[in-house]
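To start, the structure itself, in structure tokens.
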Amino acid sequence: MSEEKKSLNFLEQIIEEDLATGLAKNKLRFRFPPEPNGYLHIGHAASICLNFGLGETYNAPVNLRFDDTNPAKEEQEYVDAIKKDIQWLGFKWDKELYSSDYFQQLYDWAILLINKEKAYVDNQSSAQIAEQKGTPTESGSNSPFRNQTIEENLALFEKMKNGDFEEGSHVLRAKIDMKSTNMLMRDPIIYRVLKESHHRTGNDWNIYPMYDWAHGESDYIEQISHSICTLEFKHHRELYDWFLDQIYDPKNLRPKQREFARRNLSYTVMSKRKLLQLVEENMVSGWDDPRMPTISGLRRRGYTAKSIRNFSETAGISKRDNVVDIALLEFHIKNELNKTAPRVMAVLNPVKVIITNYPERKEEILIAENNPEDENAGSREVSFSREIYIEKEDFREQANKKFFRLKLDKEVRLKNAYIIKANSVVKDNNGEITEIHCTYDEDSKSGSGSEASKRKVKGTIHWVSIKHAIQAEVRLYDRLFTDEAPDSHKDKDFKEFINPDSLKIIKKAFIEPSLKSSKIGDTMQFQRIGYFNVDTDSTSENLVFNRTVPLRDSWAKKEQKNHN
RNA sequence: UGACCCAUGGUGUAACGGUAGCACUCCGGUUUUUGGUAUCGUCAGUCAAGGUUCGAAUCCUUGUGGGUCAACCA
């Protein structure tokens with residue numbers, strides 16, 4: 001068995017090195033640490049696929065740890081949504097844990113820090129503390145409370161915990177170095193007073209630990225071997241290590257923080273704050289609006305877990321800022337759906353065709369292949385009759401040779417049916433075409449094997465029988481923003497780039513009757529149009545289809561070029 | 001005018017001192033009862049300047065460009 005050597009990303013290389021220099025393989029343990037204050041998005045998928053992927057490659061456990069140290073922003077709703085998304089992506093965590101599980105331990109260690117004279121209670125306003133903090137280019141100055149006695153600090157901290165102080169009046173700070181070039185080392189805050197009810201601990205606590213204090217120590221408690229986070233935490237590593245130094249027992253494994261570049265996607269935004277804004281200002285219908293880059297949005301849009309995982313794999317991991325082309329994501333879903341999605345016919349923008357030489361009352365059942373890419377997909381029956389709908393854009397009275405579709409006096413094949421020829425049109429007072437009169441070649445029935453059926457006709461178009469078609473709502477989604485990097489413009493708000501055409505609703509599309517029993521989540525290809533799925537709003541009375549992604553359309557591209 | 005990180009085709013990512021490769025995008029050909037798919041092909045890259053070396057995308061120096069850091073957010 002020769003296995004192709006796959007190149008390792010830099011994090012895998014670090015792990016391999018650690019393994020080579022003595023770390024036991026069974027000590028490997030990872031974690032995915034979301035804050036439950038928003039929904040997971042495609043950027044998080046990078047981290048999820050990375051951490052859980054490492055878990056899979058090394059057969060190591062991965063904890064799901066909610067970083068719930070800020071009760072002011074966090075909610076159970078988000079916890080539930082996050083769990084659902086990770087499971088949907090197909091990953092299994094070892095333990096479901098919460099930073100709040102460790103509040104007591106964290107508190108005890110804070111006391112330890114005070115006793116070691118490594119922490120003190122500061123009784124200044126946040127403005128004063130900020131003032132003394134200095135700037136990246138100027139060092140800070142010491143707090144007047146820095147040299148309080150251990151006893152004073154212990155007493156004050158006790159009072160903070162008991163709720164004797166107001167929010168904002170007192171904080172516990174680590175005593176490190178106000179002159180450090182790393183702002184985070186300038187006596188960072190460890191605990192603040194917050195009289196908020198916590199989604200798990202209720203009103204047990206009046207003080208809550210800050211991220212830096214909670215995160216590294218939680219990694220230590222869980223014995224996480226590699227704590228992987230995004231690049232903006234690089235500066236935190238020094239503090240992460242300092243905190244660990246205070247409590248580390250060499251008998252235990254010492255977690256290691258490493259950072260990679262967060263994943264950005266073109267034509268969208270990827271910050272929870274901005275996504276929340278879109279939701280709260282009703283620019284989208286919710287966190288799961290099919291235009292959102294959230295996992296739930298992509299799921300509703302029709303993306304599969306596999307396509308997202310493949311995307312993550314292909315996009316890769318590195319340490320440089322990046323904006324991955326959304327075309328890569330679209331490639332992966334099209335690539336998968338091409339193999340799996342049943343083909344059906346739907347007419348979105350109909351014009352009536354009357355086949356004048358087809359008997360008035362006649363109906364027939366034709367056989368249509370479900371998926372040319374999948375032999376096992378079988379076939380279905382499609383009803384045909386004298387009056388059908390085709391797409392308006394599939395007909396032109398006159399057109400040059402490049403136009404392969406229906407035009408006067410020329411032939412075109414109706415997919416799975418007959419070859420027809422257009423003879424005349426009927427127009428209304430505005431000059432709009434209301435009917436196209438055609439004749440069909442009776443011997444040209446698809447699959448009949450006749451000479452006529454094998455005739456080379458350049459164009460094939462889709463259609464639905466008017467008498468048999470059912471009406472449905474179709475939602476055509478496009479990118480949410482018109483700009484490649486909407487939040488990269490210093491003097492412009494990202495919302496200025498919202499695409500006004502990101503959603504077009506077609507209330508009365510006509511679809512083939514086989515779709516009548518479609519269930520929410522079903523995926524299909526509307527032939528020659530794109531991939532669609534059944535939206536969560538869909539009911540048996542009003543079927544609703546979302547366009548996941550259009551098919552590649554080289555004709556439209558050509559047309560576009562000619563117009564420019 | 002500080003510290004730290006980063007720099008490879010349009011985009012993303014490999015090459016770990018020894019022929020710059022892969023994927024997406026773009027463009028073109030062939031096939032096709034989806035102007036889809038498939039398939040073949042074209043265009044296109046090591047930020048710059050020095051240095052080390054038989055040999056540098058890779059190591060060193062300097063410069064340039066980009067990013068991060070001054071929440072009681074994570």
Side-chain angles (χ1 to χ4, degrees), chain A residues 6-9 13 33-35 37 67-70 72-74 122 125-126 129-131 133-140 167-173 180-184 186 188-194 207-208 210-212 214-215 229 231-238 259 261 263 266 272-273 311 314-332 334-335 338-339 343 345 369 372-373 402-405 413-417 419 446-447 453-462 484 525-530 550-559:
Chain A
K6 189 180 146 282
S7 66
L8 303 176
N9 66 46
Q13 286 179 27
E35 183 190 11
N37 69 343
D67 227 332
D68 57 348
T69 56
N70 185 2
K73 287 186 181 170
E74 294 149 7
D122 198 328
S125 68
S126 60
I129 292 175
E131 175 76 32
K133 202 150 200 169
T135 69
T137 53
E138 302 161 59
S139 63
E167 285 187 14
S169 65
H170 292 71
V171 289
L172 183 71
R173 292 228 260 167
S180 171
T181 52
N182 182 349
M183 296 290 288
L184 287 157
R186 323 243 261 226
I189 291 167
I190 306 177
Y191 271 99
R192 76 282 213 190
V193 175
L194 229 44
I207 54 172
Y208 290 91
M210 298 288 288
Y211 165 83
D212 288 293
H215 201 94
C229 60
L231 236 38
E232 65 269 28
F233 289 96
K234 179 68 215 269
H235 299 286
H236 293 247
R237 189 150 115 195
E238 194 180 355
E259 312 81 13
R263 178 131 72 228
S266 64
K272 275 196 261 186
R273 207 196 89 241
F311 165 74
T314 326
I317 292 293
S318 73
K319 288 175 82 167
R320 54 174 154 158
D321 297 329
N322 61 81
V323 182
V324 180
D325 194 338
I326 195 166
L328 185 63
L329 217 210
E330 293 173 344
F331 163 77
H332 282 290
K334 282 189 281 192
N335 197 35
N338 177 48
K339 297 282 192 297
R343 318 281 131 128
M345 292 194 284
E369 197 180 13
E373 302 292 322
K402 294 273 176 59
F403 186 81
F404 303 159
R405 307 173 186 187
R413 185 186 301 274
L414 294 174
K415 179 78 185 168
N416 304 315
I419 294 171
S446 291
S453 74
K454 290 178 184 160
R455 228 161 63 223
K456 291 279 176 202
V457 179
K458 191 62 188 168
T460 300
I461 63 175
H462 61 276
E484 237 180 68
Q525 184 197 89
F526 287 177
Q527 263 179 138
R528 302 210 305 134
I529 302 175
L551 251 33
R552 196 165 134 217
D553 190 345
S554 40
W555 165 247
K557 248 177 218 169
K558 221 173 262 177
E559 284 277 281

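Here is the naming used below: chain letters follow the sequence lines, and residue numbers restart at 1 for every chain. Every heavy atom of this structure was used, including side-chain atoms; hydrogens, water molecules and symmetry mates were not.
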Within this structure, what is the [atom1]-to-[atom2] distance between [X] and [N], rounded to whole angstrom?
| X | N | atom1 | atom2 | answer |
| --- | --- | --- | --- | --- |
| A/E167 | B/rC72 | CD | P | 14 Å |
| A/N70 | B/rC72 | CG | C1' | 10 Å |
| A/Q525 | B/rU34 | CD | C1' | 7 Å |
| A/K272 | B/rC73 | NZ | C1' | 10 Å |
| A/D325 | B/rC26 | CG | P | 9 Å |
| A/R552 | B/rG35 | CZ | P | 13 Å |
| A/F233 | B/rC5 | CZ | C1' | 15 Å |
| A/R173 | B/rA70 | CZ | P | 15 Å |

Across the strands shown, which category fits [X] at heavy-atom distances under 4.0 angstrom: base, sugar-phosphate, nothing?
| X | value |
| --- | --- |
| A/H236 | base |
| A/E238 | nothing |
| A/F311 | nothing |
| A/K454 | nothing |
| A/D321 | sugar-phosphate |
| A/F331 | sugar-phosphate |
| A/L231 | nothing |
| A/S446 | base |
| A/Y208 | nothing |
| A/P33 | nothing |
| A/T135 | base |
| A/L194 | nothing |
| A/T69 | sugar-phosphate |
| A/G530 | nothing |

> Is there aromatic stacking of A/W555 against B/rG35, centre distance under 5.5 Å, plane angle under 30°?
Replying inline: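 The base of B/rG35 is stacked with A/W555 (centres under 5.5 Å, planes under 30°).
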> For B/rA38, does the O4'-C1'-N9-C4 (purine) or O4'-C1'-N1-C2 (pyrimidine) torsion place it in syn, i.e. within 90° of 0, or in anti?
Replying inline: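 In terms of base orientation relative to the sugar, B/rA38 is anti.
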> Yes or no on side-chain contact (heavy atoms from CB on, under 4.5 Å) for A/H332 and A/T314, after CA distance, side-chain angles and deciding distance?
Replying inline: CA-CA 9 Å; A/H332 282 290; A/T314 326; 2.8 Å; yes
>> Among A/R237, A/K234, A/K319, which residue satisfies the side-chain hydrogen bond (donor to acceptor under 3.5 Å, both in side chains) criterion with A/E259?
In response: A/R237
> With A/N37, which of A/E74, A/K272, A/K73 fulfils side-chain hydrogen bond (donor to acceptor under 3.5 Å, both in side chains)?
Replying inline: A/K272
For the residue pair [X] and [Y], establish whether any side-chain heavy-atom pair is separated by less than 4.5 Å.
| X | Y | value |
| --- | --- | --- |
| A/M210 | A/T69 | no |
| A/W555 | A/F403 | yes |
| A/H170 | A/I207 | no |

OP1 or OP2 of [N] sitting under 4.0 Å from any side-chain N/O of [X]?
| X | N | answer |
| --- | --- | --- |
| A/K456 | B/rU33 | yes |
| A/R528 | B/rG35 | yes |
| A/S318 | B/rU13 | yes |
| A/K73 | B/rC73 | no |
| A/K557 | B/rC26 | yes |
| A/R192 | B/rA71 | no |
| A/S7 | B/rU13 | no |

What's the closest nucleotide to the side chain of [X] if the choices are [options]?
| X | options | answer |
| --- | --- | --- |
| A/T181 | B/rA70, B/rA3, B/rC72 | B/rA3 |
| A/M183 | B/rA74, B/rC72, B/rA70 | B/rA70 |
| A/K319 | B/rU34, B/rC5, B/rC24 | B/rC5 |
| A/E373 | B/rU37, B/rG12, B/rU32 | B/rU37 |
| A/P136 | B/rU33, B/rG2, B/rC73 | B/rG2 |

Would you say the base of [N] and the side-chain of [X] have a donor-acceptor pair closer than 3.5 Å?
| X | N | result |
| --- | --- | --- |
| A/E369 | B/rU33 | no |
| A/R405 | B/rG35 | yes |
| A/H235 | B/rU68 | yes |
| A/E559 | B/rG35 | no |

>> Under the rule for side chain to side chain contact (heavy atoms under 4.5 Å, CB included), what residues qualify as partners of A/N322, not counting sequence neighbours?
In response: A/A261, A/R263, A/V324
> 5'-most contact on RNA chain B: A/A315 or A/S554, nearest heavy atom basis?
Replying inline: A/A315
> More 5' along RNA chain B: A/Y211 or A/K458, using each one's nearest nucleotide?
Replying inline: A/K458
> Given A/I461 and A/M345, is the side-chain contact (heavy atoms from CB on, under 4.5 Å) satisfied, shown in steps?
Replying inline: CA-CA 10 Å; A/I461 63 175; A/M345 292 194 284; over 6 Å; no
Mind checking the [atom1] distance from [N] to [M]? Whole angstroms is fine.
| N | M | atom1 | answer |
| --- | --- | --- | --- |
| B/rA57 | B/rA49 | C1' | 16 Å |
| B/rA56 | B/rU61 | C1' | 15 Å |
| B/rU1 | B/rG17 | P | 39 Å |
| B/rG21 | B/rG45 | C1' | 12 Å |

>> Only Watson-Crick and G-U wobble pairs with both distances less than 3.5 Å should count. Give RNA chain B in dot-bracket notation, marking inter-strand partners with |.
In response: .((((((..((((....[..))))..((((.......)))).....(((((..]....))))))))))).....
>> Let's go through A/L328 and A/F311 carefully: what are the C-alpha distance in whole Å and the side-chain angles of both, what is the deciding distance for side-chain contact (heavy atoms from CB on, under 4.5 Å) to 0.1 Å, and is it a yes or a no?
In response: CA-CA 7 Å; A/L328 185 63; A/F311 165 74; 4.0 Å; yes
> Going by atom types alone, do A/H235 and A/N182 pair a side-chain donor with an acceptor below 3.5 Å?
Replying inline: no
